[in-house]
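Structure first, then comments.
Just so we're clear, the structure is a prediction, and the values are computed from it rather than from any experiment.
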Amino acid sequence: MDSFEWNKIAGAVLTAFIVVMGVFIISGHIYQPKPLEARAFPEIEGVEQTAQAAGPAKDSGPPLAVLLASASPEKGAAQFKKCAACHTIEKGGANKIGPNLWGIVGSKHAHAQGFAYSTALAGMQDKPWSWEELDMWIKSPKGYAAGNKMSFAGLSKPEDRAAILVYLNQNSDSPLALPAPPAATAAAPAEAPATAEAAASAEPARMRQPRLPRPNNAATQRPDVNPMHANPAGSSCRVLRIFMLC
C-alpha cells in the first residue's frame with residue numbers, strides 16, 4: 001500500500017472526527033436545556049420547614065458526659081498521634097501548623113499567643129472551648145467553623161473524641177472537672193427492678209382469674225323447645241332406628 005492510500009485513510013478518519021465534533025457542537029447550541037419554571041413535583045407543606053427547624057443531626061449514642069466518664073487518657077494519647085503532625089501538647093511548646101494545645105480545654109478559642117488564626121476562628125476568639133465545643137470541633141473542623149485553615153477531616157467515633165478530650169484536659173495547669181452524667185441515665189437502672197417486680201406480681205394475678213363457664217346449647221336453655229325439633233338430624237336417626245327394630 002503506497003503513501004497515497006495512507007493519506008486517504010488518514011483524511012477519512014480526520015473528516016469523520018470533524019463531522020462528529022461539528023454535530024456535537026451544533027446540537028449543543030440547538031438543544032439547550034432550560035430550567036423548569038415550576039417544580040416537577042408538588043411541594044408537601046410543612047416538610048421542609050420541619051427539617052430546617054430540627055437542625056443538624058446529633059449523635060444517637062450516649063451523652064458526651066457519659067462518654068467522658070468512661071474515657072481513657074491513655075487511649076486519648078494514642079489518638080492524639082493523629083494531631084501531633086500539626087500541634088504540640090507540652091507546656092510552652094511551639095506553634096506548628098496549628099497552635100500549641102496546652103490548657104486548651106476551657107480556654108478561649110484564640111488562646112495561643114503569636115499564632116495567626118483563620119478569620120473563622122478569630123471571630124470567636126473570646127468564646128471558650130467547652131467540652132461540647134471541642135467535641136464538635138474534633139468531629140468536623142470544617143463543619144464547626146467553615147473557612148478555617150485546618151485540613152484534618154475529623155473523628156467520627158464519639159468514643160475516640162471523648163478519649164482525646166480527657167487527654168487534652170490532663171495537659172493543663174488547671175484541668176476542668178468532668179461534667180456530671182444526666183440524671184435520667186442514672187435513674188434508668190433503678191427503674192428496671194421495679195418494672196420487673198410489677199411484671200412478676202401481675203403474672204400470678206392473671207393466672208388466678210376464674211374461667212367463665214361455656215354457654216350451653218340454645219335448645220337446652222329454652223324449656224319450651226323440643227330437643228327433637230332443635231336437632232332435626234338427631235330426630236331422623238331416632239325414627240330410622242325405630243323402624244329397623246320393628
Of all the heavy-atom pairs spanning A153 and P141, show the shortest one and how long it is.
-> O-CD, 3.8 Å

Is atom CD of Q113 surrounded by more than 12 heavy atoms (other residues, nucleotides or ligands) closer than 6.0 Å?
-> no

Got W131 and L178 here, is their nearest side-chain heavy-atom distance under 4.5 Å?
-> yes

Where the side chain of D160 meets the backbone of K157, is there a donor-acceptor pair that is under 3.5 Å apart?
-> no

To the nearest 0.5 Å, tell me how far W129 CH2 sits from M136 CE.
-> 8.5 Å

Can you hop from V166 to V66 via hydrophobic side chains spaced under 4.5 Å?
-> no

Say whether, by atom type as modelled, one donor and one acceptor occur between the side chain of H109 and the main chain of L121 under 3.5 angstrom.
-> no

Of all heavy-atom pairs linking G106 and P128, the shortest is O-CB, 4.2 Å

For A65 and A180, work out which heavy atoms get closest and say how close.
-> CB-O, 3.5 Å

Do any N or O atoms from the side chain of N171 and from the backbone of K91 form a donor-acceptor pair under 3.5 angstrom?
-> no

Any chance you could measure L165, atom CG, to E132, atom CD, to the nearest 0.5 Å?
-> 9.5 Å

Is NZ or CZ of K149 both nearer than 6.0 Å to the six-membered ring centre of F115 and within 45° of the ring axis?
-> yes

Hey, are the side chains of E133 and Y144 touching, using non-hydrogen atoms and a 4.5 Å cut-off?
-> yes

Within-4.5 Å side-chain heavy-atom neighbours: F152 and H87 = no

Would you indicate whether the side-chain heavy atoms of M150 and W137 approach each other to under 4.5 Å?
-> yes

D135 and L67, any side-chain heavy atoms less than 4.5 Å apart | no

OG/S107 to CG/L168 distance, rounded to the nearest 0.5 angstrom?
-> 10.0 Å

So, T88 side chain and N100 main chain: donor-acceptor pair closer than 3.5 Å or not?
-> no

Any idea which heavy atoms bring A84 and K96 closest together, and the distance?
-> O-NZ, 2.9 Å

Report whether I104 and I89 are members of the same hydrophobic cluster (ILVMFWY, side-chain heavy atoms less than 4.5 Å apart, transitive linking).
-> yes

Can you name the nearest heavy-atom pair linking A163 to S72, along with the distance?
-> CB-O, 3.7 Å

Would you confirm whether Y117, through its side chain, and N148, through its main-chain N or O, come within 3.5 Å as a donor-acceptor pair?
-> no

Taking all non-hydrogen atoms of both residues into account, name the closest pair between L176 and V105 and its distance.
-> CD1-CG1, 3.7 Å

Would you give the length of the straight line joining atom CD of Q125 to atom NZ of K127, rounded to the nearest 0.5 angstrom?
-> 13.5 Å

Do P179 and L68 touch side chain to side chain, with heavy atoms closer than 4.5 Å?
-> yes

State, with a plain yes or no, whether a side-chain heavy atom of L134 is found less than 4.5 Å away from one of I164.
-> no

